[in-house]
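Everything below concerns the one structure shown next.
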Amino acid sequence: QTRISCKDVPAETLYDVLHDTRYRKKWDSNMIETYDIGRLTVNADVGYYSWKCPSPLKNRDFVTLRSWLPLGNDYMIINYSVKHPKYPPRKDFVRAVSLQTGYLIKANGDGACVLYYLTQVDPRGSLPKWVVNRVSQFVAPKAMKKIYKAGLKYPEWKRKHDPGYKPWVYPEQNTLPNVSLAELSVQHADSLENIDETGLTEDHLSTSDHEA
């Protein structure tokens, strides 16, 4: 669990940043690919996300059900992993599991907000202790700072990239195919292959990942 105060970024702007998959490529350097698979309701969809792990670890990917809720001037986005028959685990990724991940964006005065982030993720694989430590101490706080910086730059970017298109705000713009809840099931970690990466040492961590 972590939080960051975002001066000069209104809550609704940060909400847009976290939803806008087109913009995510601009700020999320750990992302390999992300796309929306289909929608369940006006405020719930299923999506795919793949994450570049520090080499020599294998990259991870997720299929998640995401829902969102505006709460007056505040906003909430939560997700958890699901199984979708058309998007099974891939050989080139370790399918990880989001038990529950959530963002809470609370308005904080005029044109500012506080972002809270809580995640319970099973990355699968028997990971070395140094990886877990690195993620908790460095990766999550750095990711929060990236989201904040992305929020500062988003209004200018959005003005040049389909400014009126926000299907997470205007459901009538959503052209995703409908997904039935019957097609989905909760992704349980114990049903996935377990990769043993405990033998990897921090010495072999790729240099670029220290800078990420």
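All values reported here derive from a predicted model rather than from experimental measurement.
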Open item on the list: Please check: side-chain N/O of Arg95 versus main-chain N/O of Pro88, any donor-acceptor pairing under 3.5 Å?
Closed with: yes
Task: Asn59 vs Ile32 side-chain heavy atoms within contact, under 4.5 Å - done: yes
TODO: Determine yes or no for a side-chain-to-main-chain donor-acceptor pair under 3.5 angstrom, with Asn43 supplying the side chain and Trp68 the backbone.
DONE: yes
Task: Main-chain N/O of Trp51 paired with Asn30 side-chain donor or acceptor, under 3.5 Å - done: no
Open item on the list: Whether the side chain of Thr34 engages the backbone of Tyr48 through a donor-acceptor N/O pair (distance < 3.5 Å, no angle test) should be reported.
Closed with: yes
Task: Lys158 (side chain) donor-acceptor with Asp162 (main chain) under 3.5 angstrom - done: yes
Open item on the list: Between Gln187 and Phe62 (side chain of the first, backbone of the second, donor and acceptor by atom type, cut-off under 3.5 Å), is there such a pair?
Closed with: no
Task: From Leu104 atom CG to Gln1 atom CD, the distance as rounded to the nearest 0.5 Å - done: 10.0 Å
Task: side-chain hydrogen bond (donor to acceptor under 3.5 Å, both in side chains) pairs, two or more places apart, involving residues 104-118 - done: Asp74-Lys106
TODO: Search all heavy atoms of Tyr75 against all heavy atoms of Glu12 and return the closest pair with its distance.
DONE: OH-CB, 3.3 Å
Task: Enclosure of Lys7 NZ (heavy-atom neighbours >12, cutoff 6.0 Å) - done: no
Task: Expected output: side-chain Ser180 to main-chain Ala182 donor-acceptor under 3.5 Å - done: yes
TODO: Please work out whether the ring planes of His84 and Tyr87 are parallel, tilted or perpendicular, with thresholds of 30° and 60°.
DONE: perpendicular
TODO: Spell out, yes or no, whether Met144 and Met76 are grouped together once hydrophobic residues are joined by side-chain heavy atoms under 4.5 Å, including indirect joins.
DONE: no
TODO: Kindly give the heavy-atom pair with the smallest separation between Arg60 and Ala96, and that separation in Å.
DONE: CG-CB, 3.7 Å
Task: Validation row: Arg3, Val114 side chains within 4.5 angstrom (heavy atoms) - done: yes
Task: Non-hydrogen side-chain atoms of Ile77 and His19 separated by less than 4.5 Å - done: yes
TODO: Decide yes or no for Ile78 and Thr101: does some side-chain heavy atom of the first lie under 4.5 Å from some side-chain heavy atom of the second?
DONE: no
TODO: May I ask you to decide if Arg22's main-chain N or O and Asp20's side chain share a donor-acceptor pair within less than 3.5 Å?
DONE: yes
Task: Hphob cluster co-occupancy, Leu152 + Tyr15, side-chain heavy atoms under 4.5 angstrom - done: yes
- [ ] Might you point out which heavy atoms bring Gly151 and Leu14 nearest each other, and give the distance in Å?
- [x] CA-CD1, 4.2 Å
Open item on the list: Just by distance, no angles: are the side chains of Tyr49 and Asp28 close enough, under 3.5 Å, to form a donor-acceptor pair?
Closed with: yes
- [ ] Go through Val82 and Thr64 one step at a time and tell me if the side chain to side chain contact (heavy atoms under 4.5 Å, CB included) criterion holds.
- [x] CA-CA 5 Å; Val82 291; Thr64 58; 5.8 Å; no
TODO: Check whether the ring centres of Trp157 and Tyr23 lie less than 6.0 Å apart, and answer yes or no.
DONE: yes
Task: Short N-O contact, Glu156 and Arg159, less than 4.0 angstrom - done: yes
Open item on the list: Hydrophobic clusters here meaning ILVMFWY residues chained together by side-chain heavy-atom distances under 4.5 Å, can you tell me if Ile37 and Leu65 are in one?
Closed with: yes
- [ ] May I ask you to test the Ile105-Leu18 pair for a side-chain heavy-atom distance under 4.5 Å?
- [x] yes
Open item on the list: For a quick test of reading the model, state the closest non-hydrogen atom pair linking Leu181 to Leu40 and the distance between them.
Closed with: N-CD2, 3.8 Å
TODO: Measure the spacing between SG of Cys113 and OH of Tyr148 and express it to the nearest 0.5 Å.
DONE: 9.0 Å
Open item on the list: Measuring only between side-chain heavy atoms, which start at C-beta, is Pro155 closer than 4.5 Å to Thr13?
Closed with: yes
Task: ILVMFWY network linking Val42 to Tyr170, side-chain heavy atoms under 4.5 angstrom - done: no
Open item on the list: Please determine whether residues Tyr103 and Trp168 belong to a single hydrophobic cluster, defined as Ile, Leu, Val, Met, Phe, Trp and Tyr linked transitively by side-chain heavy-atom distances below 4.5 Å.
Closed with: yes
TODO: List the steps and the verdict of side-chain hydrogen bond (donor to acceptor under 3.5 Å, both in side chains) for Ser29 and Lys146.
DONE: CA-CA 9 Å; Ser29 56; Lys146 281 183 183 177; 2.5 Å; yes
TODO: Enumerate the residue pairs fulfilling salt bridge (Lys or Arg N to Asp or Glu O under 4.0 Å) with a member in residues 164-179, sequence neighbours excluded, ordered by first and then second residue.
DONE: Asp16-Lys166
Task: With Leu115, the side-chain contact (heavy atoms from CB on, under 4.5 Å) member among Val17, Thr2, Ile4 - done: Ile4
Open item on the list: Measuring from atom CZ of Arg24 to atom CD of Glu33, what distance do you get when rounded to the nearest 0.5 angstrom?
Closed with: 13.0 Å
Task: Hydrophobic cluster of Tyr165, others only, ordered by chain and residue number, side-chain cut-off 4.5 Å - done: none
TODO: Please tell me if the side chains of Arg39 and Val179 come closer than 4.5 Å, counting only heavy atoms from C-beta onward.
DONE: no
TODO: Would you check if the side chain of Ser81 reaches a backbone N or O of Ser98 as a donor-acceptor pair within less than 3.5 Å?
DONE: yes
Open item on the list: Regarding Asp92 and Arg90, does a basic nitrogen lie under 4.0 Å from an acidic carboxylate oxygen?
Closed with: yes
